[in-house]
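Keep in mind that what you see is a predicted model, and the values were worked out from it rather than measured.
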Amino acid sequence: MDGRSRASHALQGTGPAALSGLGVKDLKPWEAARLSNDRLRRSGKLVVRRAEAAGGTTGTGGSGGASGTGGASARQAVVPTTPQSAIVQQSPTTPLTATAPQSATAPTTAVPAVAPATASVQGPTVVRPAAAAGTSALVLYDTTGPYGYLGELYAMAAANLAGHFGTVTAKPVSAYTAGMVNQYTATVYMGSTYYGGTVPDAVPAAFYQDALATTRPVTWVGDNIWGMANAVGVDAFKQHYGWDPTNSFYESGGTVGNITQVTYKGQQLTRKIPAGYDGGVLHPALLTGPGYPQVTQLAQATDTNSGDTSPWAIRSGNLTYVGEIPFTYVSESDRVIVFEDLLFDGLAPATAERHRAFVRLEDISPKSDPNELRQAADYLYGQKIPYGINVIPVYTDPKGVYNGGKAETVTLAQSPQVVSALKYMLSHGAVLMDHGYTHQYSNVNNPYSGVTGDDFEFFRAHVDASDNVVYDGPPAEDSTLWAQTRVTSALAGFAAAGLPKPTLWTTPHYAASATDYRVLGQNFSARLERTLYFAGTLPGTTVNAGRYIGQFFPYAVKDVYGTTVLPENLGNYEPQPYNNHPARLPADLVASAKANLAVRDGVASFFYHPYYGTAPLQQTVDGIRALGYTFVGPTDLNQ
């Protein structure tokens with residue numbers, strides 16, 4: 001089969017919206033509710049009440065005044081009302097000490113109107129490698145309100161990234177207890193529930209106070225930073241951090257605008273959110289005048305319609321604030337890259353600048369052309385580039401789609417010329433990786449043809465009337481035993497062909513259940529892929545297969561399933577558009593690699609189908625190398 005007969009593999013993993021279909025449906029009312037609360041807060045009419053205490057306290061804090069510029073707010077001590085913490089990895093006993101925050105004793109002054117920032121965008125200074133032993137992160141997240149489950153999804157995304165640096169503990173913010181921030185190297189709070197109206201403020205007063213008092217880095221993402229200002233005292237917040245959250249809003253001039261670009265460390269990153277799904281970026285009211293501490297503007301957002309710019313992320317003292325949750329509507333050159341890099345500042349600030357690249361050859365099966373495999377091997381070997389080869393041990397076409405209507409199944413052991421080519425590749429820089437068992441499901445279209453390489457294996461999917469691939473969930477028979485049986489059969493296929501046992505895995509079309517991912521973690525040292533993360537994982541409750549977030553990484557992480565995931569963050573060469581995904585040409589892959597230069601120790605990782613010949617591969621490699629990347633093998637990516 002030539003490349004034109006293959007289904008697109010680009011951007012698989014739920015697509016740019018990143019969420020399941022249910023999550024995408026919820027995004028619009030979730031954003032609408034947030035903006036409605038924000039308008040009420042601006043007008044002084046948002047009533048914010050504390051969550052009801054169930055007995056006992058989670059620590060005490062100072063009293064605060066009205067939320068925003070008005071409205072009632074009764075500050076009381078609260079206790080957890082949501083599940084206790086989920087330990088992603090065991091926490092160390094000696095977390096590192098971070099830099100103390102700046103202080104200010106300036107008198108309070110009138111709050112100036114928010115205006116486009118004028119300070120230059122600054123990048124962090126890096127001096128030497130290091131994510132010190134004992135590095136730990138605390139990720140806090142919201143769980144209340146009609147869309148409270150989104151908080152866990154976003155927290156998993158943050159926890160996964162923090163898993164690059166050390167151990168991670170994730171828990172609902174309502175379960176926070178006094179002093180907890182000082183037990184970790186750094187803390188990240190994902191503000192996804194905009195408290196007010198019928199949704200009481202579930203953030204304990206202790207966290208508001210500790211975030212101000214601690215000398216350790218705190219990264220606050222999205223909502224409720226104004227709640228902290230009210231809790232600690234607006235003037236105290238302003239004097240400590242140099243800006244006023246209670247006078248900062250998502251809309252400017254009555255609209256969220258059309259922010260399509262975020263500039264960070266000299267890279268122009270994209271922000272592509274459909275109309276109606278954009279909740280905006282908070283416009284921080286920065287303060288000027290004697291005595292206020294300097295606010296470092298880390299990244300700048302640009303409104304395409306007006307040309308106005310405003311801070312997307314800022315830092316002062318121990319507090320880094322990010323003006324939106326950046327985990328939906330992402331792409332390979334998206335503003336999420338800023339967040340991915342900012343984590344270094346709190347968790348590994350001494351990390352040296354290093355830019356590595358990786359390429360893997362994809363969808364190699366017993367029906368692959370041995371000559372094409374050798375040509376790709378010769379090119380990469382000649383360039384002294386180590387690479388991965390993703391091999392499917394059994395090819396099957398149960399309905400004869402590509403075989404004149406006659407069913408066909410071929411194993412590696414029945415394809416000696418392909419095996420010979422694979423052994424040639426292994427002796428010329430390749431590392432063998434397992435890409436499923438058959439890379440298809442049963443004898444049905446899932447969603448394309450039922451043929452190896454075309455279809456999902458561990459997830460069900462169909463193509464809808466608008467030509468979108470719709471994820472339907474795990475197969476009915478999905479279980480630990482079912483997944484393990486497929487893995488065992490795949491490994492037997494390699495052994496029968498006289499090939500070594502692969503230690504790395506890539507899930508076909510990047511989709512499997514939480515059960516499957518745990519099975520894979522028990523059989524392979526790492527997965528190299530994009531991954532789905534399901535609601536229920538952090539609290540350890542029943543997993544909801546219909547609510548999940550997809551994610552890809554710019555560096556290796558230890559994820560919330562407890563497994564190592566190696567990066568694939570550029571996608572692949574795909575000359576034709578499929579299912580509303582655009583074509584991906586070498587120039588597109590290179591442009592995405594350029595955007596990822598903003599990650600100080602990031603990887604530009606892509607995959608390539610050998611049936612396209614070597615010319616596009618060479619163009620991609622040359623372009624990535626010209627950016628200063630050094631190609632490494634897959635086993636180097638976890639170092």
Q | From T302 atom OG1 to D308 atom CG, the distance as rounded to the nearest 0.5 Å | A | 9.0 Å
Q: Assert yes or no for the condition that the ring centre distance of F456 to Y441 is strictly below 6.0 Å.
A: no
Q) Strictly by modelled atom types, are Q484 and N523 linked by a side-chain donor-acceptor pair under 3.5 Å? A) yes
Q.
Tell me every residue that passes side chain to side chain contact (heavy atoms under 4.5 Å, CB included) with N443, counting only those two or more places apart in sequence or in another chain.
A. P398
(Q) Treating S20 as the side-chain partner and G546 as the backbone partner, does any N or O pair qualify as donor plus acceptor under 3.5 Å? (A) yes
Q: Measure from the side-chain N and O atoms of S415 to the backbone N and O of P366, and report whether any donor-acceptor pair falls under 3.5 Å.
A: yes
Q: Determine the sole option in T452, D454, N572, I392 for which the side-chain contact (heavy atoms from CB on, under 4.5 Å) test with D363 is passed.
A: I392
Q | W482/F458 under ring-ring contact (aromatic ring centres under 6.0 Å, His included): CA gap, chis, key distance, verdict | A | CA-CA 10 Å; W482 179 80; F458 292 86; 5.5 Å; yes
Q | Ring center gap for Y149 and W30 short of 6.0 angstrom | A | no
Q: Apply the test side-chain contact (heavy atoms from CB on, under 4.5 Å) to residues T396 and V451: give CA-CA distance (whole Å), side-chain angles for both, the deciding distance (0.1 Å), then the verdict.
A: CA-CA 6 Å; T396 184; V451 181; over 6 Å; no
Q: State whether the side chain of N390 and the backbone N or O of E362 hold a donor-acceptor pair below 3.5 Å, judged by distance alone.
A: no
(Q) Could you walk me through whether Y629 and N596 satisfy the side-chain contact (heavy atoms from CB on, under 4.5 Å) test, starting with their C-alpha distance in whole Å, then the side-chain angles of each, then the deciding distance to 0.1 Å, before giving a yes or no? (A) CA-CA 11 Å; Y629 285 93; N596 277 275; 3.7 Å; yes
Q: Keeping the roles fixed (side chain from N403, backbone from G405), state whether a donor-acceptor pair exists under 3.5 Å.
A: no
**Q.** Heavy-atom pair of closest approach, residues V410 and K367
**A.** CG2-CD, 4.3 Å
(Q) Can you confirm whether F552 sits close enough to P567 that some side-chain heavy atom of one is under 4.5 Å from a side-chain heavy atom of the other? (A) no
Q. Minimum heavy-atom separation for E568 to F607, with atom names?
A. OE1-CE2, 3.5 Å
Q: Enter the distance from F606:CZ to E332:CD here, rounded to the nearest 0.5 Å.
A: 13.0 Å
Q. So, S310 versus W312: side-chain donor-acceptor pair below 3.5 Å or not?
A. no
Q: Identify the two heavy atoms, one from G257 and one from D278, that lie closest to each other, and give their separation to 0.1 Å.
A: O-OD2, 4.5 Å
Q: Indicate the atoms forming the closest heavy-atom contact of A483 with D516, along with that distance.
A: CB-OD1, 3.3 Å
Q) Do D588 and Y573 come within less than 4.5 Å of each other through their side chains, counting heavy atoms only? A) no
Q: Determine, stepwise, if the pair R34 / Y250 fulfils side-chain hydrogen bond (donor to acceptor under 3.5 Å, both in side chains).
A: CA-CA 9 Å; R34 292 176 65 253; Y250 288 106; 3.2 Å; yes
(Q) Determine whether a donor-acceptor pair (N or O, by modelled atom type, separation under 3.5 Å) exists between the side chain of D455 and the backbone of Q440. (A) no
Q | Point-to-point distance, once rounded to the nearest 0.5 Å, from CD of Q375 to CG of L617 | A | 11.5 Å
Q: Mind checking salt bridge (Lys or Arg N to Asp or Glu O under 4.0 Å) for D334 and listing every partner two or more places apart, or none if nothing turns up?
A: none
Q.
Less than 6.0 angstrom from the centroid, inside 45 degrees of the normal: does R530 satisfy that with respect to the ring of Y510?
A. no
Q) What distance separates E477 CD from S442 OG, expressed to the nearest 0.5 Å? A) 7.5 Å
Q) Do Y154 and T328 have side-chain heavy atoms sitting under 4.5 Å apart? A) yes
**Q.** Whether Q261 side chain and R271 backbone form a donor-acceptor pair below 3.5 Å
**A.** no
Q.
Looking at Q268, I'd like to know if its CD atom is crowded, meaning that more than 12 non-hydrogen atoms belonging to other residues, nucleotides or ligands lie closer than 6.0 Å.
A. yes
Q) Are D467 and N579 close enough, and set up right, to give a side-chain hydrogen bond (donor to acceptor under 3.5 Å, both in side chains), and what steps lead you there? A) CA-CA 5 Å; D467 197 31; N579 304 124; 3.0 Å; yes
Q: Check whether any side-chain heavy atom of Y471 lies under 4.5 Å from a side-chain heavy atom of H509, and answer yes or no.
A: no
(Q) Do L373 and I364 have side chains that approach each other closer than 4.5 Å (heavy atoms only, starting at C-beta)? (A) yes
Q | Side-chain heavy-atom pair N305, T260 within 4.5 angstrom cut-off | A | no
Q) Are L504 and F524 close enough, and set up right, to give a side-chain contact (heavy atoms from CB on, under 4.5 Å), and what steps lead you there? A) CA-CA 6 Å; L504 301 176; F524 300 92; 5.8 Å; no
**Q.** Atom of F534, atom of A514 and distance for their closest heavy-atom approach
**A.** CE1-N, 3.6 Å
Q) For Y194, which of D142, D223, D38 qualifies under side chain to side chain donor-acceptor pair (under 3.5 Å)? A) D38
**Q.** Under 3.5 Å donor-acceptor, N468 side chain and V470 backbone
**A.** no
Q. Any side-chain donor-acceptor pair under 3.5 Å between K399 and N445?
A. yes
(Q) If we check side-chain contact (heavy atoms from CB on, under 4.5 Å) with M156, which of these qualifies: Y141, Y533, F327? (A) Y533
Q) Where the side chain of D303 meets the backbone of I259, is there a donor-acceptor pair that is under 3.5 Å apart? A) no
Q. What are the two closest non-hydrogen atoms of Y329 and R335, and how far apart are they?
A. O-NH1, 3.1 Å
Q.
Is a donor from one side chain sitting under 3.5 angstrom from an acceptor on the other, for H283 and S252?
A. no
Q) Considering only heavy atoms from C-beta outward, does the side chain of I624 approach that of F631 to under 4.5 Å? A) yes
Q. Got L161 and P554 here, is their nearest side-chain heavy-atom distance under 4.5 Å?
A. yes
(Q) Determine whether a donor-acceptor pair (N or O, by modelled atom type, separation under 3.5 Å) exists between the side chain of T506 and the backbone of L528. (A) yes
Q. Going by distance alone, is a donor N or O of one side chain under 3.5 Å from an acceptor N or O of the other, for T563 and D559?
A. yes
**Q.** D369 side-chain N/O to N371 backbone N/O, donor-acceptor pair under 3.5 Å
**A.** yes
Q | Gap separating the CG atom of L342 from the CD atom of E340, nearest 0.5 angstrom | A | 10.0 Å
Q) What is the distance from atom CG of L585 to atom CD of Q576, rounded to the nearest 0.5 Å? A) 9.0 Å
Q. Between N160 and Y561, does a side-chain hydrogen bond (donor to acceptor under 3.5 Å, both in side chains) hold up when you go through it step by step?
A. CA-CA 9 Å; N160 288 334; Y561 297 134; over 6 Å; no
Q | Derivation and outcome, salt bridge (charged side-chain N to carboxylate O under 4.0 Å, His left out), residues K406 and D397 | A | CA-CA 8 Å; K406 183 179 179 181; D397 180 358; over 6 Å; no
Q) Given S605 and N569, is the side-chain hydrogen bond (donor to acceptor under 3.5 Å, both in side chains) satisfied, shown in steps? A) CA-CA 6 Å; S605 176; N569 58 334; 4.9 Å; no
